[in-house]
Amino acid sequence: MRRVSIFGATGSIGQNTIDLICRDPDAYDVVALTGGRNIAQLARDARHLRADVAVTCHEELLPDLRDALAGSGVEAAAGDAAIVEAADRPADWIMSAIVGAAGLAPGMAALRHGTTLALANKESLVTAGSILMETARAHGATVLPVDSEHSAVFQALVGEDLSAVERVIITASGGAFRDWPLEDLARATLAEASSHPNWAMGQRITIDSASMFNKSLELIETREYFDVSPDQIEVLVHPESMIHALVGFTDGALMAHVGPPDMRHAIGYALHWPERRRLPVERLDLAAIRQLTFRPPDDRRWPALRLAREVMRLRGLAGAAFNAAKERALDAFIAGEIGFQDMADVVEETLDTLTRDPGLSSAPIDLDNVQSMDHLARMRAGDVIKRRKSREQVVWS
Ligand code: NDP
Ligand code: MG
């Protein structure tokens, strides 16, 4: 039996992972499931899968979790430290699907045990990619991409010589506002930004898809996974989300990965790797689909892409700063404090203030510095948001 743990089990990726595991329950021994506010779901899944332990990141919810698990034999725990402790429990395969930089610490703990880490949590790669990959190498651990584009690139590279790779093209659906007139974007509401034309995902990544911050994180993620230079990575808008990525080789060949927009493919590939097993995803009928379309990304509509290129140029702790500023700006948009288009302005202004500090590019990349930069960037982004709000009040009063 394979011992598996799922971090972020109550979320969209976590639930898709559980769906796959439940189809073959005798093959898996579930060690840990973690979640956040959704205690009912966490307890239900922990009981059903007979997990050893269920953990919520919210300490104040421990009594609720204990109640929900009473008599089940499943241990209950709470808090960020308890999540990291759960990652210390031996497991053969771990799904990292917490949203945000909070996924970094448990991911690192898991890698130190030499496990196989299926990595959906792109924020940990953007924040501390080099540390994560070095830790994996040092402990003989394996990191398998779960983001659909990166799973697609990974699959297109099987058996290939990496030195023959000329370029990597990741596709983008364009999200909710792909076809909106540019002048309407400033008025985009939370509800409108939270609905994706093709993929069913968590709210944060759905909004990030509309702003292309998701794709900007994925540009950086591509560099971290495949060690290609930024100018070898391209973004292609592909509204149908059927081709997830393409790899271009020195002989002119392009290997494309084609499949339905269903995360259970990438999750299942990482679960069964290096084998392929039957997965419950739709089989595409290309004759019925008839045509797939492509267009170049528009930097005016999606300034996040330009910012990601700047972050890749800066290197150092710029990824940590970028992700943290983005997370803070997204919090502010969700809270109704800033508009949709303000998110990119807030991130850019935050990065501008931080680049005046030479530490951004030159400080050693270690976990302490990454965490300090994450903290600093959230604070600076908060200041930028406050300044913008007070300027608005002056204009309107
Ligand atoms: P969701 O918001 O649906 O789920 C996030 C999970 O993390 C939930 O279990 C949530 O708990 C938990 N969580 C939230 N905050 C914290 C925290 N501070 N500490 C610990 N746990 C926390 O996200 P998704 O499943 O959509 O995304 C998960 C990750 O996978 C993200 O990094 C995303 O970018 C990436 N990804 C997602 C894709 C998708 O299709 N959804 C595609 C590619 C990548 P609760 O809900 O109980 O509060
Ligand atoms: Mg993706």
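Order of listing sets the numbers, starting from 1, for every ligand and every atom in it. The model shown is predicted, which means the values in this text are computed figures rather than measured ones.
- Neighbouring protein atoms of the Mg ion (ligand 2) (N, O or S, distance under 2.8 Å, waters ignored): D147 OD1, E149 OE1, E218 OE2.
- Between W273 and F154, the two ring planes are tilted [angle within 30° to 60°].
- Between the side chain of W93 and the backbone N or O of A270 there is at least one donor-acceptor pair closer than 3.5 Å.
- No donor-acceptor distance shorter than 3.5 angstrom exists from the side chain of E149 to the backbone of E218, with no hydrogens or angles considered.
- Between the side chain of T56 and the main chain of G36, a donor-acceptor pair closer than 3.5 Å is present.
- Within 6.0 Å of NE2 on H375 lie no more than 12 heavy atoms contributed by other residues, nucleotides or ligands.
- Between D52 and R89, none of the side-chain N atoms (NZ, or NE/NH1/NH2) sits under 4.0 Å from a carboxylate O, so this pair counts as no salt bridge.
- At a threshold of 4.0 Å, the pair R204-D331 counts as salt-bridged, since one of the basic side-chain nitrogens sits closer than that to a carboxylate oxygen.
- No more than 12 heavy atoms of other residues, nucleotides or ligands shown are found within 6.0 angstrom of CZ on R315.
- Under 4.0 Å from any atom of ligand 1, one finds heavy atoms of residues G8, A9, T10, G11, S12, I13, G35, G36, R37, N38, C57, I83, A97, I98, V99, A102, A120, N121, K122, E123, D147, M201, G202, I205, M263.
- Ring geometry for H265 versus H257: interplanar angle of 30 to 60°, hence tilted.
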